[in-house]
Peer 1: 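Take this structure first; my questions come after.
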There are 2 protein chains.
Amino acid sequence: MSEATVRRRVTSTDVAREAGVSRATVTYVLNDTPGQTIPQSTRTRVLEAAARLGYRPNSAARTLASGRSRIVLLVLPDWPQEFSFRHFLDEASLALDESGYSLVTYTRHPGTRGRPLWEALNPDLVIGLVPFDPDDVASIRGCGVTRLFPDPDESDSADLSMAVSAGPELQVDHLIDRGHRRLVYATFKEPPPYSLVLARHRAACDRAYTRGLPPPDLERIDHQDGSTEEAIRRWRDMGITGVIAFNDIVAAVVVVAAATAGLRVPDDIAVIGHDDNQTAAMFVPQLSTIRFDPSTLGRDFANLALHKLEGRPWQNPDASTRVTLVRRRTT
Amino acid sequence: MSEATVRRRVTSTDVAREAGVSRATVTYVLNDTPGQTIPQSTRTRVLEAAARLGYRPNSAARTLASGRSRIVLLVLPDWPQEFSFRHFLDEASLALDESGYSLVTYTRHPGTRGRPLWEALNPDLVIGLVPFDPDDVASIRGCGVTRLFPDPDESDSADLSMAVSAGPELQVDHLIDRGHRRLVYATFKEPPPYSLVLARHRAACDRAYTRGLPPPDLERIDHQDGSTEEAIRRWRDMGITGVIAFNDIVAAVVVVAAATAGLRVPDDIAVIGHDDNQTAAMFVPQLSTIRFDPSTLGRDFANLALHKLEGRPWQNPDASTRVTLVRRRTT
DNA sequence: CCTGCAAACTTACGCGAGCAAGTGACCTGG
DNA sequence: CCAGGTCACTTGCTCGCGTAAGTTTGCAGG
């Protein structure tokens, strides 16, 4: 407790001296290294010394020596911050923490100049919610990261993407089941469609195809000018009656514009959102949308990471049990 | 380009061998170490060798040897829901990147168990958007981090908090200027008010005080049950005519509930949001709110960080030029 | 009484980079 | 012709930790 003249960081050497053992013993005790027999008395002596001095291992040194940083880097595409995403991250980082890993999130969009974060962090694993482009893969590999997901060399990309595609599939199914045959996919003009938009759109196209319909066009609307109303009239003239919205905000804009254009929702045109945003239930009319359980998805994610990191058993969970339809008043 | 038998990471030793110089020379060239005289010929030889081999310095080794990680950790009280926050982060990390630092964001809420991220990252600087609680300060210091902000020992907390308080101050001023004398501050019951909520509320209270009004109560509403309407009737009976909403979503809920309760907005009750959310302009009626320029704030933030890291000059920018009032139809 | 073996440690090396302190070679001024 | 100073490097130590390979002690079995 005495104030040292120079506030130097406590190292394992200090702990060793304090406990009256060698540095190696300290490491063995603190890391529970298997294959070492250490009596309880020594063990407690070391642990108490470490606690007394407030020892924190230097993560850089540990990473250098062991070759592992115990960091998982989650790369997010350009991403509107849905409220539920927080729960996803909470759950994922908690589950990873229990196994000694730290989760770091990194929002990266195509235009980014500058050094990517995986270069600064030496992560053991880099996970993208959507596939990486080839440049990024090369960059990640060049930093000595051997584990990444989705890994283009392993063709396992399907695993996590199911969590992305299940929602759009439900949207399409629901609209078809309500009798709609001609559909569009709507998103915002600004910001330009990023990878998550494209991934959801592709999933919707695939689903429409398997249900025997043509793939819905990707329509980019704007909520500033009047272009949305114009688009809606165009859709009506084309016989389109079902709108798959990228998210609830897009859905809200479409619904408002439909009213302005004199169309009745859902009779003339049905709209379904995605994410079950906080505002979705408050909107007038209340939005039909897709809800997913972020906590469970977070745990799924952590399990996948641990599978990649340590080869733990893993089976792809059934996404359909994680994602559900919420029908309200716009379909 | 030949496929090595074992894919080993390229080190500075490899570069040195390839360039025909010693390792020290490589370090000097790549780091532009001042005080070293290196002829252009050698310099290019080293740089070309590094490029040819695809050399990436090992950040753990560098951190260990130099004692600096070049990582800035930004601790957020809660996952940002505001769209504009992305621009803030983009701009901040870009500006930091130009000086060789990486920005890592970390969402930490009070209940979090598990190892905090500053322990795993060895950041050079930890910045919180709102003040840290004492436990966290101790934890951060215990990890060998000497620079943190706001630093309770330096009483400089005012600098960044102005970016937080300017919005609530504008909200209060606007309502007062519109003739409202009795105000409340509204936020959601779920999730429980976190530090950003409390910080904004405190700022509103301070402003009300300087304008000669009693501090507005912090009212926690719910958008699921009917409690909001009940609250609104209560407010009406108390003579409250102005509602300061924590953000635009809260404002929207209040507006909807006011309509349900039979009050006219803004005649019977005025509501002002915060953040100029994407939905704010689309809502019916369109929400009055607070807009701020996230890019400029991001650059301000980066400058503050560089000031803390390297003692660069810094003067507190005038927050009032970064934050503006957007009056629409709810005030 | 000696051998063998496990328990309970310690010694010593290496991870990859930064940096202080050398070390020749060359030049310049007196 | 030599002292002194730059240039252009290299040698060697260090950061804090993980871990393989010893080393000593105690005890059981033959």
Side-chain angles (χ1 to χ4, degrees), chain A residues 6 8-46 49-50 53-70 100 119-122 124 142-145, chain B residues 6 8-46 49-50 53-70 100 119-122 124 142-145:
Chain A
V6 176
R8 207 180 44 80
R9 180 145 177 203
V10 177
T11 72
S12 67
T13 309
D14 300 326
V15 177
R17 193 186 315 113
E18 174 88 6
V21 295
S22 75
R23 223 180 38 69
T25 306
V26 172
T27 316
Y28 292 146
V29 169
L30 295 180
N31 291 358
D32 263 334
T33 310
Q36 297 291 333
T37 53
I38 293 169
Q40 194 55 42
S41 57
T42 308
R43 201 172 279 275
T44 54
R45 231 173 50 245
V46 169
L53 299 178
Y55 170 67
R56 298 292 163 83
N58 179 323
S59 55
R62 171 181 289 213
T63 299
L64 180 59
S66 68
R68 299 181 315 160
S69 60
R70 308 202 75 96
E119 205 161 307
L121 294 188
N122 260 9
D124 291 342
C143 290
V145 176
Chain B
V6 176
R8 205 179 46 79
R9 177 142 182 209
V10 178
T11 72
S12 68
T13 309
D14 299 326
V15 177
R17 194 186 313 111
E18 175 89 4
V21 295
S22 74
R23 225 181 38 69
T25 306
V26 172
T27 313
Y28 293 146
V29 168
L30 295 180
N31 291 356
D32 263 334
T33 311
Q36 298 290 332
T37 54
I38 293 170
Q40 194 55 42
S41 58
T42 308
R43 201 173 279 276
T44 54
R45 240 183 31 254
V46 170
L53 299 179
Y55 170 66
R56 298 292 164 84
N58 179 322
S59 54
R62 174 183 288 222
T63 299
L64 180 58
S66 70
R68 299 181 316 160
S69 61
R70 308 201 74 95
E119 205 161 310
L121 293 188
N122 260 8
D124 290 342
C143 291
V145 176

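A note on names: the letters A, B, ... follow the listed sequences, proteins ahead of strands, and every chain is numbered from 1.
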Peer 1: Test B/Arg9 against B/Asp14 for salt bridge (charged side-chain N to carboxylate O under 4.0 Å, His left out), laying out the working first.
Peer 2: CA-CA 10 Å; B/Arg9 177 142 182 209; B/Asp14 299 326; over 6 Å; no
Peer 1: How bent is the helix from C/dC1-D/dG30 to C/dG30-D/dC1, measuring the angle between the end axes built from five pairs each, rounded to 10°?
Peer 2: 60°
Peer 1: Measure the distance from CG on B/Asp32 to P on C/dC19 and round it to the nearest whole Å.
Peer 2: 13 Å
Peer 1: Please report the closest heavy-atom contact between B/Arg68 and B/Asp124, naming both atoms and the distance.
Peer 2: CA-OD1, 3.4 Å
Peer 1: In this structure, how many angstroms lie between the C1' atom of C/dA17 and the CG atom of B/Leu64, rounded?
Peer 2: 8 Å
Peer 1: Rounding to a whole Å, what distance do you find between A/Arg17:CZ and D/dG16:P?
Peer 2: 12 Å
Peer 1: Whole Å only: how far is the CD atom of A/Gln40 from the C1' atom of C/dA8?
Peer 2: 14 Å
Peer 1: Start at the 5' end of DNA chain D and walk down; is the nucleotide closest to B/Thr42 or to A/Asn31 reached first?
Peer 2: B/Thr42
Peer 1: Between C/dG16, D/dG18, C/dA7, spot the one nearest the side chain of B/Ala65, thanks.
Peer 2: C/dG16
Peer 1: Hey, is the main chain of A/Cys143 close enough, under 3.5 Å, to the side chain of B/Arg56 for a donor-acceptor pair?
Peer 2: no
Peer 1: Rounded to the nearest 0.5 Å, what's the gap from OG on B/Ser59 to CG on B/Leu64? Could you check?
Peer 2: 11.5 Å
Peer 1: How far apart are the C-alpha atoms of B/Val10 and B/Glu18, what are their side-chain angles, what is the distance that settles it, and do they pass the side chain to side chain contact (heavy atoms under 4.5 Å, CB included) test?
Peer 2: CA-CA 11 Å; B/Val10 178; B/Glu18 175 89 4; over 6 Å; no
Peer 1: Go through residues 21-28 of chain A and report each residue with a non-hydrogen atom lying under 4.0 Å from DNA chain D, sorted by number.
Peer 2: A/Arg23, A/Ala24, A/Thr27, A/Tyr28
Peer 1: Between B/Leu30 (CG) and C/dA17 (P), how many Å, whole number?
Peer 2: 10 Å
Peer 1: With respect to B/Val29, which candidate in B/Arg43, B/Arg45, B/Gln36 satisfies the side-chain contact (heavy atoms from CB on, under 4.5 Å) definition?
Peer 2: B/Arg43
Peer 1: Which sits closer to the 5' end of DNA chain D, B/Pro39 or B/Ala61, going by the nucleotide each is nearest to?
Peer 2: B/Pro39
Peer 1: Any donor-acceptor pair under 3.5 Å linking the side chain of B/Ser69 with the backbone of B/Asn122?
Peer 2: yes
Peer 1: Evaluate the side chain to side chain contact (heavy atoms under 4.5 Å, CB included) criterion for residues A/Asn58 and A/Thr11: first the C-alpha distance (whole Å), next the side-chain angles of each, then the deciding distance (0.1 Å), finally the verdict.
Peer 2: CA-CA 8 Å; A/Asn58 179 323; A/Thr11 72; over 6 Å; no
Peer 1: Taking all heavy atoms of B/Leu30 and all of B/Tyr55, pick out the closest pair and write down the distance.
Peer 2: CD1-CE2, 3.4 Å
Peer 1: Quick one: B/Asp14 CG to C/dA17 C1', roughly how many Å, whole number?
Peer 2: 13 Å
Peer 1: In whole Å, what is the span from the CD atom of A/Gln36 to the P atom of D/dG22?
Peer 2: 15 Å
Peer 1: Look at B/Arg9 and C/dG16 and indicate whether a side-chain polar atom (N or O) is within less than 4.0 Å of OP1 or OP2.
Peer 2: no
Peer 1: Can you tell me the distance, in whole Å, between the CZ atom of A/Arg43 and the C1' atom of C/dA8?
Peer 2: 12 Å
Peer 1: Applying a 4.0 Å non-hydrogen cut-off, can you work out what A/Ser12 is touching in the nucleic acid: base, sugar-phosphate, or nothing?
Peer 2: sugar-phosphate
